[in-house]
Structure formats: structure tokens, C-alpha cells
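Heads up, the thing below is written out as C-alpha cells.
What you are looking at is a predicted structure, and each value in this text was computed from that prediction instead of being measured. We name chains A, B, ... by the order of the sequence lines, and we start the count at 1 in each one.
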Amino acid sequence: MADIRNYTLNFGPQHPAAHGVLRMVLELDGEVVQRADPHIGLLHRGTEKLAEYKTFLQAVPYMDRLDYVSMMSNEHAYVMAIEKLLGLEVPIRAQYIRVLFDEITRVLNHLLWLGAHGLDIGAMTMFLYTFREREDLMDCYEAVSGARLHAAYYRPGGVYRDLPDTMPQYEAAKMKVHSAQAVADMNSNRQGSMLDFIEDFVRRFPACVDEYETLLTDNRIWKQRTVGIGVVTPERALALGLTGPMLRGSGVAWDLRKKQPYEVYDRLDFDIPVGVEGDCYDRYLVRMEEMRQSNRIIQQCVDWLRKNPGPVITDNHKVAPPSRVEMKQNMEELIHHFKLFTEGMHVPEGECYAAVEHPKGEFGIYLVSDGANKPYRLKIRAPGFTHMAAMDELARGHMIADVVALMGTFDIVFGEIDR
Amino acid sequence: MKLDILKQNLETVLGDKLAGISQRLNEITIEIRPAQWLEAAQTLRDHPDLRFEQLTDLCGMDYSAYGDGRWQGARFCVVTHLLSVSNNCRVRVKVFAADDDFPQVDSAIDIWPAANWFEREAFDLYGIIFTGHPDLRRLLTDYGFIGYPFRKDFPLSGNVEMRYDPEQRRVIYQPVSIEPRELTPRIVREENYGG
């Protein structure tokens with residue numbers, strides 16, 4: 001028998017379950033974790049400092065690149081902070097569009113989380129299943145903003161433009177392996193407007209979630225890997241700064257959409273699922289139910305948006321650009337356009353904190369302006385940051401393989417943690 | 001909880017520990033002197049009228065360039081956002097570090113464990129020392145990084161760049177070769193500019 005039993009193990013930075021770039025130094029006793037020391041910052045780009053050198057509008061696309069699987073939710077918190085400082089009223093239709101896309105983003109995020117979490121702990125099929133549905137939602141992103149990932153769709157004062165009347169189609173000429181008939185079938189739900197397409201998705205989606213659940217919820221291996229792993233008590237979850245599904249999984253019914261409603265969430269009907277045990281399995285169940293609830297919200301937004309046309313961005317041209325037609329015909333609008341895109345808007349002096357219920361937890365923006373055309377200080381409060389900080393406490397006493405399950409349940413994306 | 005009630009509660013409970021309180025944009029900001037920060041933090045968490053169980057955010061702040069240099073007062077500040085889940089309210093706490101050359105604030109890690117990484121980050125980016133923090137290492141920047149990158153006197157393009165040197169067959173640091181450029185100048189307009 002050898003005397004030395006303690007190892008120090010480097011987990012990452014190139015490890016498939018590290019969800020990007022994480023180096024974690026694990027101190028082990030046999031296979032049991034004694035201490036976990038995550039070294040983050042390998043993706044640190046200094047977004048907050050960069051934003052100090054950009055006008056308020058130029059910093060919007062940086063927000064997409066924080067949590068790059070829930071792009072629009074990040075933008076949402078940022079534009080909300082600007083609107084709060086400006087005291088700006090957002091048109092009601094824009095608020096509904098924002099909620100619609102926040103929920104689409106939540107489904108997108110949870111689908112990626114489910115696929116990756118499954119893949120990490122051995123349920124490989126999940127990834128293929130969830131990416132099938134993600135594809136449709138990515139097409140919605142593309143249809144509305146032109147980009148599948150980095151949308152830059154939310155703008156201070158509203159959204160960039162109204163929902164399109166057509167959906168992009170698959171082109172038979174570009175499809176090498178599909179027959180013309182197969183392509184026509186793929187395009188069959190893309191003949192109407194974008195709202196028709198989303199409604200079709202909403203109709204199909206609950207059956208898809210059922211399908212995922214048949215693969216996992218009662219699966220013996222899945223339960224062995226998640227039940228009783230990473231248990232957090234409600235008091236400890238609050239003290240550690242956990243938010244979102246991490247907090248609700250421990251049984252704390254806290255959701256900003258209900259408790260501190262923003263946009264039009266107070267007019268919508270949805271439920272907040274909470275867990276009981278506070279382990280990985282409960283957090284899995286919470287997120288699965290959240291997808292179903294998001295689906296309900298999307299349906300309500302679609303119904304409202306069909307009936308109520310209107311402007312989608314404020315008519316205050318100090319903040320939002322005038323339409324192209326007006327800009328070409330009217331001297332004053334031309335000046336507004338020129339000033340907005342050269343100097344940018346001036347946000348009144350002050351500070352504010354705006355938070356949204358991001359798919360991963362509470363995503364907040366602390367914005368300080370000294371009255372200039374650029375932020376004086378922008379602090380991004382990323383949910384994943386506190387979750388990652390809790391890793392040490394949660395991993396102690398678990399096996400190495402459970403660290404991977406914990407990474408999955410945290411829903412780690414390094415874009416937001418490292419900023 | 002209504003903001004007015006919260007403001008009243010903060011005033012009565014914290015009493016002379018409160019160095020300033022203001023209410024703007026539906027948010028309450030309080031200022032605490034660095035010497036009384038820990039005591040006040042304990043009260044903020046435990047007092048039945050306040051009960052801020054969660055530390056949402058903690059960040060450093062460098063006021064040296066604020067409003068093109070019209071800032072009077074201490075340069076560094078630690079801004080904490082607290083959330084009370086039981087009372088459903090938030091408060092922002094500002095603690096200005098007394099010494100500009102050696103900014104130092106007590107660590108709140110014993111009161112809110114969530115402060116751990118936030119304080120490491122503020123130390124890394126602003127060089128604020130958190131007394132009592134058990135593990136105050138750099139968090140986001142590179143191993144062996146020199147300087148505090150988020151201070152206003154630190155250039156955006158940094159001081160060093162990294163490249164692979166084929167002769168030495170390793171990655172080396174060298175002074176930056178790019179020049180900082182400013183496409184849109186930063187402008188603070190006087191009040192009521194342009195109506």
C-alpha cells in the first residue's frame with residue numbers, strides 16, 4: 001500500500017464536459033473531491049471596459065456575446081437599464097415581442113442545457129433530439145433579426161423592427177440529398193407569417209418535451225447520476241447567491257417575472273415550478289417544467305400580437321432612429337439620424353440596476369452614466385458567476401464524475417462568467 | 001415592500017451608521033463609512049425589518065474620470081446590491097475606500113459567502129484590498145498579470161501582448177504594438193443641451 005493518497009487533478013481547460021474553457025484544480029482523496037478550485041477568466045474579454053469606450057448603442061452587440069446561448073435575454077437587461085435611466089416608455093407591442101423572444105430564448109437555452117447535460121453524463125441521444133427543435137427556434141431568430149446567434153434585436157426604446165410576414169424557406173436547388181417532395185414537406189409550416197410558424201411550433205413542442213422525458217425522467221441511469229447530487233438547502237442557496245432554476249430547485253419560489261414583473265409579464269398566465277430536494281434531479285425537473293410554461297407564455301404572446309398591430313420602437317428620435325423614408329425627406333430627421341449614429345445618445349447622469357429573469361438566473365446590469373454618450377461604468381451581474389463560485393462547496397465529498405453532473409446542472413456558459 | 005417604508009426602516013435601524021441615503025428611479029442607495037461596513041452588513045442581513053439574505057452583486061468602481069474630472073471625494077468605491085427575498089426589495093450599498101492610493105474595505109465574506117468571487121474580481125480589476133478575505137487571488141486576468149485593468153488610467157489596449165516566438169519556441173509577452181484609437185469621442189454635454 002502506498003502512503004500517498006491525495007492527488008491534484010487538472011480538469012480542463014480542454015475537457016469536453018468543461019463547457020468551454022474552464023480549468024479546475026481538483027484535490028482528490030482517491031476519487032473523492034476534497035477541494036475544487038475553478039480557475040476562470042480564460043475567456044475574459046473585458047466587455048465591461050470595452051463598453052466604456054463605445055456609445056450606448058454600439059455596446060448592444062457585446063451583450064449577445066456574453067451568454068451566447070441566450071442572446072436576447074442579455075440584451076434585454078442592458079436596454080432595460082438604459083430605458084430606466086432615460087425614463088423611456090416602450091410601446092406595448094415591443095414589450096410583447098420582447099417577452100415572446102425572452103421565452104423563445106429560454107426554450108433555446110434549456111434545450112441546449114438539456115442536450116449538453118445529457119451528453120455529459122452519458123445520455124448521448126438527448127443532444128440530437130434537442131437540436132432538432134433548436135433549429136426551428138434559431139430560424140425564428142434569423143427571420144426576425146437576420147442573425148441566428150448574435151441578434152442585436154432589442155434596442156433602447158423597443159425592438160429593431162416588427163415581426164416579418166414570411167419565413168425563410170429551404171431551397172430545393174441547394175439541398176443535395178433531399179428530393180423536391182422532401183423539401184416541400186420541410187417548407188410546409190413556413191408558408192405563412194412568422195407568428196404562424198411559432199404557433200405551429202408551440203403546438204408541436206409539448207409532445208417533444210414528453211419525448212425527452214420518456215428518455216430521462218424515469219431512466220434508472222439518469223436518476224443514479226442526478227438524484228442526491230449537489231444538494232443545496234434553501235438557506236444555503238440564498239447565501240451563496242444562487243438564482244434562477246438553481247434557487248427554485250431548492251424550493252425557494254423566487255422568479256423575477258412574478259415577484260418584480262417587468263414588461264408585460266404581469267398580464268400573462270404562467271406558473272413557477274419549484275423543487276423539493278435541491279439536487280440535480282430536481283433542477284432537471286424544474287427546467288423541464290419551465291419549458292412547458294414558456295410554451296404557454298409564447299402562445300399567449302402570439303395571440304396578442306396577432307390582434308394588436310402598432311409601433312415597435314419609440315418615436316423619440318434622440319434614442320431611436322427615424323424611418324428611412326422620413327430620414328430621406330426631412331432635414332430634422334436627417335440630423336437626428338446623423339447625430340444618433342455618430343455621437344450617439346446622451347443618457348442622463350445617474351445609476352441604476354436592471355435585472356431580468358434570464359434562463360440561467362438573475363442577469364443584472366448595473367449602469368452608471370455621468371451624462372456622456374458612453375456608459376461610465378457597466379457591471380454585468382452574470383448568474384453563472386455565482387453558480388461557478390458555489391462549485392467548491394457543492395463538489396466537496398462527491399466523486400469526480402459528479403463534478404461533471406454539477407457542471408451540467410449549473411448550466412455553465414463561459415461567455416457570461418468571464419465576460 | 002414599498003420603497004418609502006424601506007427607506008424609513010433603513011433610517012431607523014441603521015441610524016448613525018448611515019452616511020447617506022437617496023431614492024432615485026425606484027431604487028434606494030445608501031452609503032456606509034468603511035469602518036462601519038461589517039457592522040452595518042450584519043444588521044442589513046439579520047434585522048427583521050430588513051433581512052437582505054442575498055448578495056446579488058458586488059463590484060468595484062473608479063470615479064477618477066467621472067464627469068470629465070468633476071468628481072470630488074474618494075476615488076474607489078465598492079458597490080453592493082442586496083436583495084431581500086422575504087421582503088421583496090433591493091438596496092444598493094456604497095462603501096467608499098478611505099485611501100485612494102491603498103484602497104481597502106472589509107470583506108463581507110462571512111456575512112454573505114457569495115461575496116467571495118465578487119471581491120476577488122474587484123481586487124483583480126480595481127486593486128481594492130478586502131481585509132479579512134481568506135483567498136484574495138486574481139480571478140479573471142492571466143496568471144502573473146501586472147496592473148489593475150479596469151482602473152480609468154489603464155489603457156484599453158493594455159500594456160503587453162502575447163505571441164508565439166518561433167526562435168524561443170514558446171509564448172512570450174512583449175509591449176503592445178497596436179495604438180489605441182478613439183472613433184467616437186466621449187462627450188459630456190452641459191445641462192439642457194439642444195433643448
Is there a donor-acceptor pair closer than 3.5 Å between any side-chain N or O of A:Arg419 and the backbone N or O of A:Gly415?
no
Tell me which of these, A:Gly46, A:Pro38, A:Gly364, has more heavy-atom pairs under 4.5 Å with chain B than the rest.
A:Pro38
For chain A, which of B:Arg186, B:Met61, B:His81 has the most heavy-atom pairs under 4.5 Å?
B:Arg186
Cation over ring, B:Arg75 on B:Phe96, under 6.0 Å and within 45°?
no
Let me know if B:Arg92 has heavy atoms under 4.5 Å from chain A in its side chain, its backbone, both or neither.
side chain
Count the heavy-atom pairs under 4.5 Å between each of A:Gln58, A:Arg377, A:His44, A:Lys259 and chain B, then report the option with the highest count.
A:Arg377
Under 4.5 Å from any heavy atom of chain B - which part of A:Glu351
both
Checking the side chain of A:Tyr376 only, and the main-chain atoms of A:Asp370 only, is there a donor and an acceptor separated by less than 3.5 Å?
no
If you tally heavy-atom pairs under 4.5 Å against chain A, which of B:Asp135, B:Thr29, B:Leu156 wins?
B:Leu156
A:Arg381 side chain reached by A:Tyr366 side chain, heavy atoms, under 4.5 Å:
no
Side chains of B:Ile128 and B:Phe123: closer than 4.5 Å at any heavy-atom pair?
no
Please classify the contact between A:Asp37 and chain B as side chain, backbone, both or neither, with a heavy-atom cut-off of under 4.5 Å.
side chain
Considering only heavy atoms, which portion of A:Ala355 lies under 4.5 Å from any heavy atom of chain B: side chain, backbone, both, or neither?
side chain
Is chain B contacted by the side chain of A:Pro375, its backbone, both, or neither, given a heavy-atom distance below 4.5 Å?
backbone
Does A:Glu52 pair with B:Lys152 as a salt bridge, N-O distance under 4.0 Å?
yes
Do other residues, nucleotides or ligands put more than 12 heavy atoms under 6.0 Å from B:Gln8 CD?
no
Of the backbone (N, CA, C, O) and the side chain (C-beta and beyond), which part of B:Leu183 lies under 4.5 Å from a heavy atom of chain A, both, or neither?
neither
Please classify the contact between B:Arg138 and chain A as side chain, backbone, both or neither, with a heavy-atom cut-off of under 4.5 Å.
neither
State, yes or no, whether a side-chain contact exists between B:Tyr126 and B:Tyr148 at a heavy-atom distance under 4.5 Å.
no
Polar side-chain atom of A:Arg248 near backbone of A:Thr243 as donor-acceptor pair, under 3.5 Å
no
Is A:Lys84 salt-bridged to B:Glu27, going by a charged N under 4.0 Å from an acidic O?
yes
Chain B contact via A:Pro348 - side chain, backbone, both or neither, heavy atoms under 4.5 Å:
neither
Looking only at A:Gly241, A:Gly41, A:Ala239, the option with the highest number of non-hydrogen pairs under 4.5 Å against chain B is A:Ala239
Based on non-hydrogen pairs under 4.5 Å, which of B:Trp71, B:Phe118, B:Phe154 is most in contact with chain A?
B:Phe118
For chain B, find which of A:Leu42, A:Val252, A:Leu85, A:Leu242 contributes the most heavy-atom pairs closer than 4.5 angstrom.
A:Leu242
Top contributor to chain A contacts, counting heavy-atom pairs under 4.5 Å, from B:Glu182, B:Glu121, B:Glu53:
B:Glu121
Which atoms of B:Ala65 come close to chain A, meaning under 4.5 Å heavy atom to heavy atom: side chain ones, backbone ones, both, or neither?
both
Can you check whether B:Arg151 reaches A:Lys49 side chain to side chain, under 4.5 Å on heavy atoms?
no
Check whether A:Thr55 gets within reach of chain B through its side chain, its backbone, both or neither, counting any heavy atom under 4.5 Å.
side chain
Whether B:Tyr143 and A:His39 hold their rings parallel, tilted or perpendicular, with breakpoints at 30° and 60°:
tilted
Checking heavy atoms, do the side chain of A:Leu256, its backbone, both or neither come under 4.5 Å from chain B?
side chain
